[in-house]
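Worksheet for the structure shown next.
Letters A, B, ... are given to chains in the order of the sequence lines, protein chains preceding strands, and every chain is numbered from 1. Values below: every heavy atom of this structure, side chains too, minus hydrogens, waters and symmetry copies.
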Amino acid sequence: MTTSSSAPASSAPPFAAPKGVPDYFPPTSASFLAVRDTLIESARRAGYGYVELPVFEDTALFARGVGESTDVVSKEMYTFTDRGNRSITLRPEGTAGVMRAVIEHGLDRGQLPVKLAYAGQFFRAEQPQAGRYRQFHQVGVEAVGVDDPALDAEVIAVADAGFRALGLTGYRLELTSLGDTTCRPQYREKLQDFLAALPLDEETRRRAELNPLRVLDDKRPEVRELVADAPLMVDNLSAESLAHYEQVKGYLNDLGVKFVENPRMVRGLDYYTKTTFEFVHDGLGAQSGIGGGGRYDGLMEQLGGQPLSGVGFGLGVDRALLACQVEGVSPGDETRCDVYGVPLGEAAKSRLVALSAPLRAAGVRFDLSYGGKGLKGAMKGADRSGARFALVLGERDIEAGVVQVKELASGDQRPVPLADVVISVLEALGR
RNA sequence: GUGGGUGUAGCUCAGCUGGCAGAGCACUGGGUUGUGAUCCCAGGUGUCGCGGGUUCAAGUCCCGUCACUCACCCCA
């Protein structure tokens with residue numbers, strides 16, 4: 001690397017990442033990958049097949065699927081017009097896109113349920129905050145086509161197992177039911193009547209009109225007190241929804257998944273029905289939800305497909321990673337390489353470069369010192385790489401047909417024949 | 001969109017009521033010519049976010065501005 005001395009030192013970098021988007025780089029990026037992969041693996045173990053879907057879709061898909069009146073659609077979408085004059089939106093959530101793909105490719109015409117998992121980034125133009133980014137990452141699953149409470153429980157268990165596999169313990173699962181198309185409208189009216197009689201401020205009154213459930217979840221103590229006696233959805237469920245809810249709880253007990261009921265839980269997306277849940281972690285600040293989901297029985301039909309039920313979740317990779325950091329667990333924590341090459345001179349360098357191919361092919365994570373650093377600098381590189389062994393090679397070694405294998409932690413060093421390097425290294429690593 | 005907090009070295013941050021730019025980590029070179037981490041020595045570490053004002057004198061006080069951040073709202 002050459003340094004340019006012509007440009008004056010400047011305090012501000014020439015470019016900064018757009019507002020509210022995270023950069024992940026080593027060593028944190030290793031944990032990020034591990035979190036994402038661990039959560040996907042949990043879904044894979046339950047028979048969910050991976051789907052890779054586009055990051056942008058027709059704007060109308062989200063407007064119709066997520067709901068026009070939601071905050072997400074009304075003010076948080078990244079929407080633009082493409083060169084064909086189509087309105088395009090960067091996906092703010094995952095379920096609508098999966099449903100679109102299921103319908104478009106007729107995945108629901110085979111055996112049901114269709115069980116799919118996805119991972120990727122999502123976009124919402126919100127004010128950034130701890131754990132809330134404008135580009136964030138989720139792992140999600142959707143199970144479409146079977147209205148079985150055991151499936152609700154499975155989805156929840158998959159999320160729980162994923163978090164547990166990460167080593168997380170400081171979270172809880174909150175559960176409730178939002179009812180169905182018969183009982184929810186009735187309850188909503190009942191709740192609005194109750195709220196209308198309360199001395200609420202203008203802002204809250206407006207919210208009561210738009211989404212009365214949300215008022216129940218207000219953080220202000222004085223409001224909480226006012227709504228303490230408000231009617232609750234769980235007390236006004238239809239017979240069918242109530243039975244469904246009870247069975248979900250029963251299956252969760254069978255699965256050994258602990259939960260607490262929170263009848264005041266709010267979901268920001270319109271499509272949820274019946275079972276809804278959220279994984280909450282204390283210690284993340286205000287954005288405490290590390291995952292959430294539920295059942296969405298009207299969504300497929302709403303998007304022009306068959307009237308099939310569905311249930312799924314979205315788990316926040318960024319927030320799960322934060323939770324890991326808060327709890328002091330570091331998934332994916334490993335050194336950068338196993339073995340590090342230290343060449344002395346050009347001849348040795350070309351020998352080590354040549355060796356890197358067979359070593360890596362044998363599964364050894366191998367790096368070497370570039371740039372002609374000299375022994376001291378190259379050894380320093382070996383140390384910083386976290387490698388267990390250094391391969392030191394100089395003129396004397398080449399003449400003798402050997403390479404020095406040095407264990408960095410102990411300082412022990414021994415020559416091995418150059419011809420047997422790969423085998424010797426594998427042996428030294430205990431493989 | 002609305003509030004609070006913070007902007008000093010690559011990173012984490014000191015710097016009291018105005019008076020010469022600081023520490024640790026990291027980085028580079030050296031301390032036996034073929035050995036790192038430890039130890040010692042030397043060294044870049046800098047528009048003190050930016051602009052204006054007050055003052056003999058501003059990192060410090062005032063105004064503006066931008067950025068970051070936390071929170072409201074909302075949510076993964």
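- Between the side chain of A/Arg384 and the base of B/G36, no donor-acceptor pair of N or O atoms lies under 3.5 Å.
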Inset, instruction - May I have the step-by-step check of ring-ring contact (aromatic ring centres under 6.0 Å, His included) for A/Phe163 and A/Tyr171, ending in yes or no? - result: CA-CA 9 Å; A/Phe163 289 137; A/Tyr171 67 90; 5.4 Å; yes
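- A/Gly381 comes within 4.0 angstrom of nothing in the nucleic acid, heavy atoms only.
- Below the 3.5 angstrom threshold, one finds no donor paired with an acceptor across the side chain of A/Arg207 and the base of B/C74.
- Of the candidates B/A76, B/C74, B/G36, B/G36 carries the atom nearest the A/Lys380 side chain, counting heavy atoms from C-beta on.
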Inset, instruction - Could you go through the side chain to side chain contact (heavy atoms under 4.5 Å, CB included) check for A/Val141 and A/Lys115 one step at a time? - result: CA-CA 7 Å; A/Val141 306; A/Lys115 294 168 72 169; over 6 Å; no
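- Residue A/Gln404 places no side-chain atom within donor-acceptor reach of the base of B/U35, judged by atom type and a 3.5 Å distance cut-off alone.
- Closest contact between the side chain of A/Gln287 and the listed nucleotides B/U35, B/A76, B/C73 involves B/C73.
- Residue A/Ala286 has its side chain nearest to B/C72 when only B/C72, B/G34, B/U35 are considered.
- Side-chain contact check for A/Tyr251 and A/Asp152: no donor-acceptor pair (N or O, by modelled atom type) lies under 3.5 Å.
- Side chain of A/Lys376, nearest nucleotide from B/A71, B/A76, B/G36: B/G36.
- The listed nucleotides are B/G36, B/U35, B/C72; the one nearest the side chain of A/Leu408 is B/G36.
- Here B/G36 is the nucleotide among B/G36, B/C73, B/U2 with the atom lying nearest to any side-chain atom of A/Lys406.
- B/U38 and B/U28 have their P atoms separated by 13 Å, given to the nearest Å.
- A side chain to side chain contact (heavy atoms under 4.5 Å, CB included) with A/Leu391 is found for one member of A/Val342, A/Leu418, A/Val405, A/Asp397 and no other, namely A/Val405.
- For A/Arg132, the side-chain atoms get nearest to B/C74 when compared with the rest of B/C74, B/G34, B/A71.
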Inset, instruction - Take A/Glu142 and A/Tyr296 through the side-chain hydrogen bond (donor to acceptor under 3.5 Å, both in side chains) test and state the conclusion after the steps. - result: CA-CA 10 Å; A/Glu142 315 291 350; A/Tyr296 44 86; 2.5 Å; yes
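- Residue-level contact check: A/Gly411 touches the bases, meaning some heavy atom is under 4.0 Å from a base atom.
- Within the 4.0 angstrom heavy-atom criterion, base atoms lie near A/Arg124.
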Legend entry - Bracket notation of RNA chain B in which parentheses pair within the strand, [ ] cross earlier pairs, and | pairs with another strand (Watson-Crick or G-U, under 3.5 Å): (((((((..((((.....[..))))((((((.......))))).)...(((((..]....))))))))))))....
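- Using a 4.0 Å heavy-atom distance criterion, A/Glu93 is classed as making no nucleic acid contact.
- Closest to the side chain of A/Asp71, out of B/G1, B/C74, B/G36, is B/C74.
- Of the candidate nucleotides B/A76, B/A37, B/U35, B/A76 has the atom lying nearest to any side-chain atom of A/Arg319.
- The nucleotide whose nearest atom lies closest to any side-chain atom of A/Glu76 is, among B/A76, B/U35, B/C74, B/C74.
- For the pair A/Phe122 and B/A76, the ring geometry does not qualify as stacking, because the centroid separation below 5.5 Å and plane angle under 30° are not jointly satisfied.
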